[in-house]
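Take a look at the structure set out below.
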Amino acid sequence: QVQLVESGGGLVQAGASLRLSCAASGRTFSRYAIGWFRQAPGKEREFVARISSSGGSKYYADSVKGRFTISRDNAKNTVDLQMNSLKPEDTAVYYCAADSGRIVRLTPNGYDYWGQGTQVTLSS
């Protein structure tokens, strides 16, 4: 079993940067791909980024491509999401999720474990 805890959210102005971190417990963390998702009020949860278990493959939503960077450190059991040039539309609760499957999932369906989320709020 894997437990995930997100951190790093906050209230920032448009154009600022934030670094979110997803810390995992469990000795099998390196076997899981990790995805970041976000959910704004009144909207469905949407894909943001995904990194493979080894860190060799990365995927991004078009809306964040070029601004966000996902990375992982399997020795520390962490996955980070560096968010630059933040926009008001990036306001949401951000979740990390672990996926044991080999299919590249770019929707919330099929992920095995989820964190509680961290709030990111942008002021214009």
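Every value quoted in this text rests on a predicted model; they were computed, and no experiment measured them.
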Residue pairs passing the disulfide (SG to SG under 2.5 Å) test where at least one lies in residues 53-104, sequence neighbours excluded: C22-C96

Locate the shortest heavy-atom distance separating V104 from Y59; write the atom from each residue and the value. CG2-OH, 3.5 Å

State the [atom1]-[atom2] distance between [X] and [Y], to the nearest 0.5 angstrom.
X	Y	atom1	atom2	result
S53	R102	OG	CZ	9.0 Å
N84	D90	CG	CG	11.0 Å
L4	Q116	CG	CD	10.0 Å
I34	D99	CD1	CG	8.5 Å
L81	R38	CG	CZ	9.5 Å

Taken in chain and number order and not counting sequence neighbours, the residues that satisfy ring-ring contact (aromatic ring centres under 6.0 Å, His included) with F47 are F37

If the condition is side chain to side chain contact (heavy atoms under 4.5 Å, CB included), which residues does [X] pass it with, not counting sequence neighbours?
X	value
Q119	T91, V93, T121
S71	R19, D80
T107	N109

Within 45 degrees of the axis of the six-membered ring of Y60 and under 6.0 Å from its centre: does R67 put its NZ or CZ there? no

Answer yes or no: is there a donor N or O on one side and an acceptor on the other, between the side chain of K58 and the main chain of S52, under 3.5 Å? no

ring-ring contact (aromatic ring centres under 6.0 Å, His included) pairs, two or more places apart, involving residues 68-99: none

Does the side chain of R72 pick up a donor-acceptor pair with the side chain of Y32 at under 3.5 Å? no

Before giving the answer on side-chain contact (heavy atoms from CB on, under 4.5 Å), spell out for L18 and V120 the whole-Å C-alpha distance, their side-chain angles and the decisive distance to 0.1 Å. CA-CA 9 Å; L18 277 177; V120 172; 3.9 Å; yes

